[in-house]
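Remarks on the structure that follows.
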There are 2 protein chains.
Amino acid sequence: MDIPARVTVLERVPLFKGLRPDELEAVAREAHERKLEKGEVLFRQGEDAAHSYVLGWGRLRLDQATPDGQNVVLRFMGPGDMVGTVAVLRRIPFPATPLAIEDCVILAWSAGRTAELMTRFPAIALNAVAVVGGRVEELQARLSEIATQRVERRIASTLLRMARQSGRRIEGGVEIPFAISRNDLAEMTATTLHTVSRTLAAWEQEGIVSGKRGSYLTIAQPHRLVEIAEQA
Amino acid sequence: MDIPARVTVLERVPLFKGLRPDELEAVAREAHERKLEKGEVLFRQGEDAAHSYVLGWGRLRLDQATPDGQNVVLRFMGPGDMVGTVAVLRRIPFPATPLAIEDCVILAWSAGRTAELMTRFPAIALNAVAVVGGRVEELQARLSEIATQRVERRIASTLLRMARQSGRRIEGGVEIPFAISRNDLAEMTATTLHTVSRTLAAWEQEGIVSGKRGSYLTIAQPHRLVEIAEQA
DNA sequence: CGTAACGTTGAATCTAATCAACCCTAGTGG
DNA sequence: CCACTAGGGTTGATTAGATTCAACGTTACG
């Protein structure tokens, strides 16, 4: 990617919202570039946070391993998402592992550069607080959900959240444009593969969702899901 | 509080780490001051985020109401914690309600001032990312916990986390220096008053924790709790 | 075309919620 | 000063939602 191409990417990144074109160019010039093939990881949980990243193209799944070896899916990330920035600024090891679920192109800045750019362009730092704040909120919402709701409602809420974040309107409903396995969904909703399977099977019966193995999941009747997610 | 007194407070606030004394003074000068009596709220979930706050003295409990009327305790906050800053920068309504569980003194800055100060002193913005990032991590850890662990382990982890954040070493163990009801604990660990009660009763039997109604909870044998929290 | 990863489905089990009743304790007001 | 009450806590019995265990089906892909 040459510098103008990078600028085109960075223009749409929330972290750099409000920067002038010449400022974006300065930021772009400092970046390294990294490619990741499907199945590779960007870094591993526990590693030293030497770089912060912005995802240009592709998708990542952010996984956290628990001390006893289980896995929790923290979130899916798409183009424009920042990765690892918090760990860099906190000077702590990465707390999770981002796995490429599609081929990715990623821009990277060293830890020192990251801090320096934010100091030079405070707008970036303000944007970063807002972005990270958004994640706090999302996590608080998920926490509330898991704490108070039955499994069926959590699965419904999770699908709706993903649809809202990355969904595409197509004929026949809203499509979630990347492959999510039943197991992914289980690890996102704090339940088991089995329960997810049963639940989705029932919803397919009723025509609320559709999508065969491997292909993308489509929410055919979002309003029905909302009903399930909101019922007392 | 006069300006030098405020500076003394701000010196110990992570959000303002690394600022020079004259910079701190500038920040202190822009602050409003607000007192809160035990039982009052600083603001209410859903209100417009017009100010961001830093807790000078006292303790707050941050509550989130779920759509169906249940309550989740997000966290306890003590001196030096920032409150509401994220909502201000994201220009969204406050997502939770901070309730004073002790008398509090709080410093406040208007939304505009907050952004302006962070732009003028980028270090504040960088600190803010780090602080908020810390919350992201804590929430991710709690999410993992709730997602994968049995209730007993979650209660143990929660007590240990609180002890780590605000605990005081006293003879006979580590004391958590504010009143936590069984219900608070239930709302923090995604369980019911009843289960918490049973669990703590058992632990008191075994001499792992102690503390009668009203008085502070003391962890007499932290290592036993750690064992419970970590057992496969 | 074989095989491994993923998914489905049924049955048994169990954890923790719910339901229910009762007990303390700290205040309050007569 | 003491009875009363409200809020919080304890404890037992019952129930249900979801996990676990188990076995088998399906699909993608090398």
Side-chain angles (χ1 to χ4, degrees), chain A residues 37-39 61 63 66 68-73 99 101-102 144-159 178-206 209-217 228 231-232, chain B residues 38-39 61 63 66 68-73 99 101 145-158 178-206 209-217 228 231-232:
Chain A
E37 275 172 41
K38 182 172 171 170
R61 189 184 73 205
D63 288 342
T66 64
D68 53 305
Q70 295 187 68
N71 191 55
V72 175
V73 174
L99 171 76
I101 57 170
E102 298 175 2
S144 293
E145 257 171 39
I146 294 184
T148 65
Q149 298 176 7
R150 306 240 162 285
V151 166
E152 190 183 37
R153 297 184 59 187
R154 306 206 301 255
I155 299 174
S157 302
T158 302
L159 287 182
F178 47 97
I180 322 155
S181 69
R182 313 274 141 142
N183 196 47
D184 290 341
L185 221 38
E187 289 179 347
M188 293 193 76
T189 49
T191 181
T192 58
L193 161 64
H194 312 279
T195 302
V196 171
S197 178
R198 286 179 231 274
T199 306
L200 288 192
W203 288 348
E204 285 194 25
Q205 279 290 323
E206 298 194 49
V209 302
S210 68
K212 290 277 144 252
R213 203 188 306 259
S215 77
Y216 300 151
L217 194 75
I228 292 170
Q231 84 203 175
Chain B
K38 181 172 170 171
R61 190 184 73 205
D63 288 343
T66 64
D68 52 307
Q70 294 186 70
N71 191 54
V72 175
V73 175
L99 171 78
I101 56 170
E145 257 170 39
I146 294 184
T148 64
Q149 297 175 8
R150 305 242 164 283
V151 165
E152 190 183 37
R153 298 184 58 187
R154 305 205 303 255
I155 299 174
S157 303
T158 301
F178 48 95
I180 322 155
S181 69
R182 313 273 140 145
N183 197 47
D184 290 342
L185 222 37
E187 289 179 347
M188 292 194 76
T189 50
T191 181
T192 60
L193 161 64
H194 311 279
T195 302
V196 171
S197 178
R198 286 179 230 275
T199 306
L200 288 191
W203 288 348
E204 285 194 25
Q205 278 290 324
E206 299 193 50
V209 303
S210 69
K212 289 278 143 254
R213 206 186 307 258
S215 77
Y216 300 151
L217 194 74
I228 293 169
Q231 83 203 176

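Naming: A, B, ... by sequence-line order, numbering from 1 per chain. Because only heavy atoms are used, hydrogens play no part in the values below, and waters and symmetry mates are left out as well, while side chains stay in.
Counting to the nearest Å, the P atom of C:dT15 and the CD atom of B:Glu152 are 11 Å from each other. Rounded to an integer number of Å, the gap from A:Arg182 CZ to C:dT9 C1' is 13 Å. The nearest whole Å value for the distance from the CD1 atom in A:Ile146 to the C1' atom in C:dA16 is 17 Å.
Below the 3.5 angstrom threshold, one finds no donor paired with an acceptor across the side chain of B:Arg198 and the base of C:dT15. At a cut-off of 3.5 angstrom, counting only N and O atoms as typed in the model, there is no donor on one side facing an acceptor on the other between the side-chain of B:His194 and the base of C:dT18.
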After noting the C-alpha distance and the side-chain angles of A:Thr199 and A:Thr191, does the key distance pass the side-chain contact (heavy atoms from CB on, under 4.5 Å) rule? CA-CA 11 Å; A:Thr199 306; A:Thr191 181; over 6 Å; no
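Between A:Ser181 and B:Arg154, the one whose closest nucleotide on DNA chain C sits nearer the 5' end is A:Ser181. Comparing A:Ser197 and A:Arg150 by the nucleotide of DNA chain C that holds the closest heavy atom to each, the one mapping nearer the 5' end is A:Ser197.
Here the rule is side-chain contact (heavy atoms from CB on, under 4.5 Å) with A:Thr158, and of A:Val73, A:Leu185, A:Ile180 only A:Leu185 fits it.
Checking the phosphate oxygens (OP1, OP2) of C:dA16, no side-chain nitrogen or oxygen of B:Thr192 falls inside 4.0 Å. Between B:Thr195 and C:dA17 there is a side-chain N or O to OP1 or OP2 distance below 4.0 Å.
Along DNA chain D, the stretch of nucleotides lying under 4.0 Å from any heavy atom of chain A spans, 5' to 3', D:dG17 to D:dA28.
Residues satisfying the side-chain contact (heavy atoms from CB on, under 4.5 Å) test with A:Glu102, not counting sequence neighbours, are A:Arg59, A:Phe178. Partners of B:Asn183 by side chain to side chain donor-acceptor pair (under 3.5 Å), not counting sequence neighbours: none found.
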